[in-house]
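In the text below, chain A, chain B and the rest are named by the order of the sequence lines, each starting its count at 1. All values below come from the heavy atoms of this structure, side chains included, with hydrogens, waters and symmetry mates left out.
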Amino acid sequence: MDWQSDANDIEAGFAPTLEAWYERHKRDLPWRHTRDPYRIWLSEVILQQTRVAQGKPYYERFIDAYPTIADMARADERELLRLWQGLGYYSRARNLHQTARYVTDELAGKFPDSFQKLLKMKGIGVYTAAAVASFAFGERVAVVDGNVYRVLARVFGIADDITTTTAKKTFAALAQRLIQQANDPAIYNQAIMEFGAIQCTPVLPDCLLCPLQQQCIAYQTGRQQKLPVKAKKSPVRERYFQYIVFRNGNRIAMRERLGRDIWQNLYEFCCLETDEPKARLSEFDLPDMVAGLVQQGVLSAEPVEGVQLLSHQRIRAVFYEIVLPDTVTDTLPMGLQWYSAAAVHDLPKPVLITNYLAKRFG
DNA sequence: AATGCGGGGGA
DNA sequence: TCCCCAGCATT
């Protein structure tokens, strides 16, 4: 099994290589001069989804204001939030305060000293628990953050979508295997994140000077830019449907939706899609056939707005009800046909249409 | 499993 | 612009 021994060899050398790299390249950061769990915890919370450059001055300010966890516990929450101002994700500050008080008052100031205990604290999730447990207490538990996903995906050529639960498990298991070979779990955890932050960067990683160049699958196959794979959260597409609801007595003009779009084979009213939101008939152009028909009728009520959220689209609809006189015998455009109220009821329709009918006609 | 939650920096 | 950043809590 050649591939297996190769993979194991790469895994075996991984942690020590990064630890050696770290000793040569690490930045001098204030929270790296302490093993005080309070300070490490504070730094980790500040750095959640936050770059070192942005978080560093805040860390200094907080340590000045609250040198110990008891100081933070006694502080006024508004004061904490003021210090936090500008960092974002303000629940972090509230959770910080809550945990500071809990540790001070309920745990007699003794900071939780294991991964499992740390996990129970407000604002401490899997990442932060692993970070504090390893940095402050030397526990051999691997951190998995955005840097780790990137480094592991590239070095080991893992193309799984990191936004999925199964991929997260895969990466966590690999990371936990890798840390077993580390000389010092605290150093190793710092090392892989520092490596991701300044060498194996999201764009333009410095592969030419990389100590893992020879074993990096991404480098060997030229896929640095493609890894890690992260599903783009497709922005919800905004669409604007203007529905002309033609009425004649108790009949309504409806058509079947055809073609490669939403609501295939469902029935709707005369539908005109616009690029921008509209609120009145006069704000957009009607096809000639439709315009001619509209002119013969009267707008019978204020336009009605409706919204329908699909997985990747938000349909904002406006319904304009036009009542036509019996004298109109024009052929209906756009494949529209007249349906009695009972027939309309039986047609398959999008919820958006059904809701409108219910709202308008009960 | 999906969302909401912030603000800044770099390409 | 878009993406990403030492993620977490809630539903």
Side-chain angles (χ1 to χ4, degrees), chain A residues 18 22 26-32 34 37 39-59 62 81-99 115 118-136 141-154 160-169 171-172 175 179 185-206 224-236 309-312 314:
Chain A
L18 282 186
Y22 179 70
K26 66 181 173 188
R27 292 167 291 183
D28 181 26
L29 299 172
W31 47 85
R32 288 184 174 160
T34 181
R39 296 189 174 214
I40 289 168
W41 164 65
L42 173 62
S43 72
E44 290 302 334
V45 173
I46 287 175
L47 292 172
Q48 286 166 8
Q49 292 290 284
T50 304
R51 292 170 189 277
V52 166
Q54 188 188 0
K56 189 173 163 184
Y58 284 85
Y59 174 81
F62 268 80
L81 283 167
R82 204 163 52 245
L83 277 176
W84 197 268
Q85 210 166 65
L87 250 194
Y89 288 142
Y90 295 91
S91 65
R92 288 186 291 174
R94 292 190 292 272
N95 289 335
L96 209 56
H97 194 215
Q98 194 170 329
T99 292
F115 174 78
L118 286 159
L119 257 188
K120 299 181 191 304
M121 301 296 112
K122 276 284 187 188
I124 297 186
V126 174
Y127 164 76
T128 305
V132 176
S134 63
F135 300 164
V141 52
V143 294
V144 182
D145 73 337
N147 291 305
V148 175
Y149 284 124
R150 186 169 57 254
V151 172
L152 297 186
R154 287 175 176 168
D160 302 5
D161 174 4
I162 63 172
T163 65
T164 67
T165 304
T166 52
K168 287 186 171 80
K169 285 183 190 165
F171 280 93
I179 202 175
I187 299 295
Y188 167 74
N189 274 341
Q190 300 257 15
I192 189 169
M193 290 192 290
E194 189 79 338
F195 184 75
I198 68 185
Q199 178 100 23
C200 193
T201 50
V203 292
L204 297 179
D206 190 5
Q224 301 97 310
Q225 305 289 2
K226 311 289 282 182
L227 297 174
V229 173
K230 187 175 186 178
K232 301 191 202 328
K233 53 173 95 174
S234 53
V236 177
L309 195 58
L310 288 68
S311 57
H312 294 95
R314 176 165 38 226

What's the [atom1]-[atom2] distance between [X] and [N], to the nearest Å?
X	N	atom1	atom2	value
A:Gln225	C:dC3	CD	P	14 Å
A:Leu204	B:dG9	CG	C1'	15 Å
A:Lys56	B:dG8	NZ	C1'	17 Å
A:Ile46	B:dG6	CD1	P	16 Å
A:Arg92	B:dG4	CZ	P	19 Å

- Query: Can you check whether A:Tyr22 reaches A:Glu194 side chain to side chain, under 4.5 Å on heavy atoms?
  - Reply: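 They are in side-chain contact.
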- First encountered from the 5' end of DNA chain B, between A:Thr166 and A:Tyr90: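 On the 5' side of the pair lies A:Thr166.
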- Task: For A:Gly88 and for A:Thr163, find the nucleotide of DNA chain B with the closest heavy atom, then tell me which residue's nucleotide is more 5'.
- Result: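 The residue closer to the strand's 5' end, by nearest nucleotide, is A:Thr163.
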- Determine yes or no for a side-chain-to-main-chain donor-acceptor pair under 3.5 angstrom, with A:Arg39 supplying the side chain and A:Trp31 the backbone.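 Not at all, since once roles are kept as given, no pair shorter than 3.5 Å links the two residues.
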- Counting distance only, does the side-chain N/O of A:Asn189 pair as donor-acceptor with the main-chain N or O of A:Val141 below 3.5 Å?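 Yes, A:Asn189 side chain to A:Val141 backbone: donor-acceptor pair under 3.5 Å.
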- Answer yes if the side chains of A:Asn147 and A:Arg150 hold a donor-acceptor pair under 3.5 Å, and no otherwise.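 Yes, a side-chain donor-acceptor pair sits under 3.5 Å.
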- Item | Pairing string, 5' to 3', for DNA chain B - Watson-Crick or wobble contacts under 3.5 Å, brackets [ ] where pairs cross, | to another strand | |||||.|||||
- Query: Out of A:Val144, A:Ile179, A:Val148, which one pairs with A:Ile192 under the side chain to side chain contact (heavy atoms under 4.5 Å, CB included) rule?
  - Reply: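 One option only clears the test, and that one is A:Val148.
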- Item | Reading 5' to 3' through nucleotides 4-11 of chain C, protein heavy-atom contacts under 4.0 Å coded B for base, S for sugar-phosphate only, - for none | BBBBSSS-
- Message: Does A:Leu47 form a side-chain contact (heavy atoms from CB on, under 4.5 Å) with A:Val52? I'd like the steps, not just the answer.
- Response: CA-CA 7 Å; A:Leu47 292 172; A:Val52 166; 4.3 Å; yes
- What integer number of Å spans the P atoms of B:dT3 and C:dA6?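 So the two P atoms sit 25 Å from each other.
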- Nearest-Å distance once atom P is located in both B:dG8 and C:dC8: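 Each nucleotide's P atom is 22 Å from the other's.
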- Item | Distance-minimising heavy-atom pair for A:Ala167 and A:Asp161 |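 Closest approach of A:Ala167 to A:Asp161, heavy atoms only: CB-O, 3.1 Å.
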- Message: Measuring centre to centre across the rings, with the benzene-like ring taken for any Trp, is A:Phe62 within less than 6.0 Å of A:Trp84?
- Response: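 Close enough - the centres of the two rings lie under 6.0 Å apart.
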- Query: Between A:Leu42 and A:Leu96, does a side-chain contact (heavy atoms from CB on, under 4.5 Å) hold up when you go through it step by step?
  - Reply: CA-CA 8 Å; A:Leu42 173 62; A:Leu96 209 56; 3.7 Å; yes
